[in-house]
Amino acid sequence: MMLEGRIALVTGGTRGIGLATARALAEAGATVVLTGRDEAKAKEAAAAAGAASGLALDVTDAKAVSTLVRGVAKEHGKLDIVVANAGIMEDALLGMIREELVDTTLSTNVAGTLHTVQAAARAMMRKKTGAIVVLASIVGEHGSAGQTVYAASKAAVANIARSAAKELGRSGIRVNAVAPGVIDTDLTSGLTEEAKAENIGKTPLGRLGTPEDVANAIRFLVSDDASFITGQVLGIDGGLVL
Ligand code: NAD
C-alpha cells in the first residue's frame, strides 16, 4: 500500500489508461477521484476502479478545471497526486488537416494538460509536496506520418512536464511525463490488423502495450520510490522504434 493516505486525481478516467491508472492508484491505497466528460460514466468508472468518486469535467474548460481541483483539495484537505491523462488522437495527412482538428487537439491535449497542471500546482503549493504525471507519447518524441497535429500536441505536453518540473521543484512538487508507445485502448482501436502487426514487428518486446503497463509506471512515478525523479519523459513502449 505504497500510496496509503494520498489523495489522487485522474482526468479522463472513464476508460483505457486513465481507468487503469485510477485502479492502480486505488489498489496502492490512495483515495482516488476520477473525472470524465460524462458524469454518469465517471461515476460508473469510479465504482469499477475502486475510486472514491467520479466527477464530470471537460479539461478544455480552464475555469471548470480550476474549480474542480480546488474543490477536491478542499474536500480532502490536500491533493498529493494528479494525473493529467485526458487526451484525444485523430490522424490526418498534412494536406487533409482541418482547422477544427487543430483546435480540438490543441485545446484538449495542450491547453487541457496545462489547465490541469496549473490547478494541481496551485493546490499542492500550500503543502509544498506533490507529484504530477502528464500523458505524452512516443509520437511526440519522434514524430509520425499522418499524425503531425497529435505529435505536435504531445511534444508540447512533454515540455509542459519539463518546464513545470523546473518551476515547481523548489516547492517540493515533482512533474514527469510518460510517453506510451502503441497501447491497446479505444484510442488505437481504429488501427487495422496490418498496422498493429507492423507496430508489433517494430517492438522488441513483441506485443502492443496494455493500459496496465502504463498505469504501473505512473504508480511508480507518483510514489516515494521516485522521490528524486522530476522533469523526465519515460518511454513505455516495449522498445518500439518509430
Ligand atoms: P481513450 O480514448 O481510451 O481515453 C481517453 C480519455 O480521455 C477518455 O476517458 C475521454 O473521455 C477523455 N477525454 C477526452 N477529451 C476530454 C476532455 N476534453 N475532457 C475530459 N476528458 C476527456 O485513450 P487512452 O488510450 O486511454 O489515452 C489516454 C492518454 O494517453 C491520452 O492522453 C492519449 O493521448 C495518451 N496516449 C495513448 C496512447 C495509446 O496508444 N493508447 C499512446 C500514447 C499516449
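Indexing begins at 1, ligand by ligand and atom by atom, following the structure's order. The model shown is predicted, which means the values in this text are computed figures rather than measured ones. As a basis for the values below, the full set of heavy atoms in this structure was taken, side chains included, without hydrogen atoms, waters or symmetry mates.
- Side-chain N/O atoms of Ser66 and Arg70 include a donor and acceptor closer than 3.5 Å.
- For the residues Thr116, Thr11, Asp58, Ile138, the heavy atom positioned nearest atom 18 (N) of ligand 1 is part of Asp58.
- Only backbone heavy atoms of Ala136 (N, CA, C or O) come within less than 4.0 Å of ligand 1; its side chain stays farther off.
- Shortest contact from atom 24 (P) of ligand 1 to any protein heavy atom: Thr185 OG1, 3.6 Å.
- Judged by distance alone, the side chain of Thr188 and the main-chain N or O of Ile183 form a donor-acceptor pair under 3.5 Å.
- Within ligand 1, the atoms closer than 4.0 Å to a non-hydrogen atom of Ile88 are 14 (C), 15 (N), numbered from 1 in the order shown.
- At a threshold of 4.0 Å, the pair Glu167-Arg174 does not count as salt-bridged, since none of the basic side-chain nitrogens sits closer than that to a carboxylate oxygen.
- Protein heavy atom closest to atom 28 (C) of ligand 1, with residue, atom name and distance, is Asn85 OD1, 3.1 Å.
- Here is the list of ligand 1 atoms found below 4.0 Å of a heavy atom in Leu57: 19 (N), 20 (C).
- Considering Leu135, Asn85, Asn176 as possible partners of Ile218, the one that fulfils the side-chain contact (heavy atoms from CB on, under 4.5 Å) test is Leu135.
- The single protein non-hydrogen atom nearest to atom 40 (O) of ligand 1 is Ile183 N, 2.8 Å, given as residue, atom name and distance.
- Ion pair Asp61/Arg37 not flagged as a salt bridge, since none of the NZ, NE, NH1 or NH2 atoms sits closer than 4.0 Å to an Asp/Glu carboxylate oxygen.
- At a 4.0 Å cut-off, not a single heavy atom of Ala179 sits close enough to ligand 1 to count as contact.
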For this session: Start with the C-alpha distance between Ile81 and Ile7, add both sets of side-chain angles, then the distance that settles side-chain contact (heavy atoms from CB on, under 4.5 Å), and finish with yes or no.
Result: CA-CA 6 Å; Ile81 295 164; Ile7 309 299; over 6 Å; no

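- The distance from ligand 1 to the heavy atoms of Val182 drops below 4.0 Å at these ligand atoms: 40 (O).
- The shortest separation from a heavy atom of Met89 to ligand 1 is not under 4.0 Å, leaving the residue out of contact.
- Distances from ligand 1 to the non-hydrogen atoms of Lys154 include at least one value under 4.0 Å.
- For atom 4 (O) of ligand 1, the nearest protein heavy atom (residue, atom name, distance) is Arg15 NE, 3.5 Å.
- Taking atom 9 (O) of ligand 1 as the reference point, the nearest protein heavy-atom neighbour is Thr14 OG1, 2.8 Å.
- The Gly181 neighbourhood of ligand 1 comprises atoms 40 (O), 42 (C), 43 (C), with distances under 4.0 Å to a heavy atom of that residue.
- Under the 4.5 Å side-chain heavy-atom criterion for Ile, Leu, Val, Met, Phe, Trp and Tyr, Leu114 and Leu68 are members of the same hydrophobic cluster.
- Within the model, atoms NZ of Lys43 and CG of Leu55 stand 6.0 Å from one another, a figure rounded to the nearest 0.5 Å.
- Per-residue contacts place Leu135 under 4.0 angstrom from the following atoms of ligand 1 (heavy atoms of the residue considered): 29 (C), 30 (O), 32 (O).
- When the heavy-atom distances from atom 5 (C) of ligand 1 to Ala215, Ser189, Gly87, Ala56 are ranked, the shortest goes to Gly87.
- Of the protein's non-hydrogen atoms, the one nearest atom 6 (C) of ligand 1 is Gly12 O, 3.6 Å.
- Checking side-chain atoms of His115 against main-chain N and O of Ala111 turns up a donor-acceptor pair under 3.5 Å.
- Distances below 4.0 Å separate heavy atoms of Pro180 from the following atoms of ligand 1: 42 (C), 43 (C), 44 (C).
- The protein heavy-atom contact nearest to atom 11 (O) of ligand 1 is Arg37 NH2, 3.2 Å.
- Residue Val59 has at least one N or O atom closer than 3.5 Å to an N or O atom of ligand 1.
- Closest to atom 36 (N) of ligand 1 among all protein heavy atoms lies Tyr150 OH, 3.6 Å.
- Note that CZ of Arg98 and CE of Met96 are 9.0 Å apart. Values are rounded to the nearest 0.5 Å.
- Heavy-atom contacts of Thr188 reach the following atoms of ligand 1: 39 (C), 40 (O), 41 (N) (cutoff under 4.0 Å).
- Residue-to-ligand polar distances place Ile17 within reach of ligand 1: an N/O pair is separated by less than 3.5 Å.
- For the residues Val214, Leu187, Asn109, the heavy atom positioned nearest atom 37 (C) of ligand 1 is part of Leu187.
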For this session: Could you walk me through whether Val149 and Glu90 pass side-chain contact (heavy atoms from CB on, under 4.5 Å), step by step?
Result: CA-CA 8 Å; Val149 180; Glu90 192 183 320; over 6 Å; no

For this session: Run the numbers on Tyr150 and Ile88 for side-chain contact (heavy atoms from CB on, under 4.5 Å), then give the verdict.
Result: CA-CA 8 Å; Tyr150 181 72; Ile88 55 170; over 6 Å; no

For this session: Show your working on side-chain contact (heavy atoms from CB on, under 4.5 Å) between Ile229 and Gln232 and close with a plain yes or no.
Result: CA-CA 7 Å; Ile229 300 176; Gln232 302 303 305; 3.7 Å; yes

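- A side-chain N or O of Thr210 and one of Asp213 form a donor-acceptor pair less than 3.5 Å apart.
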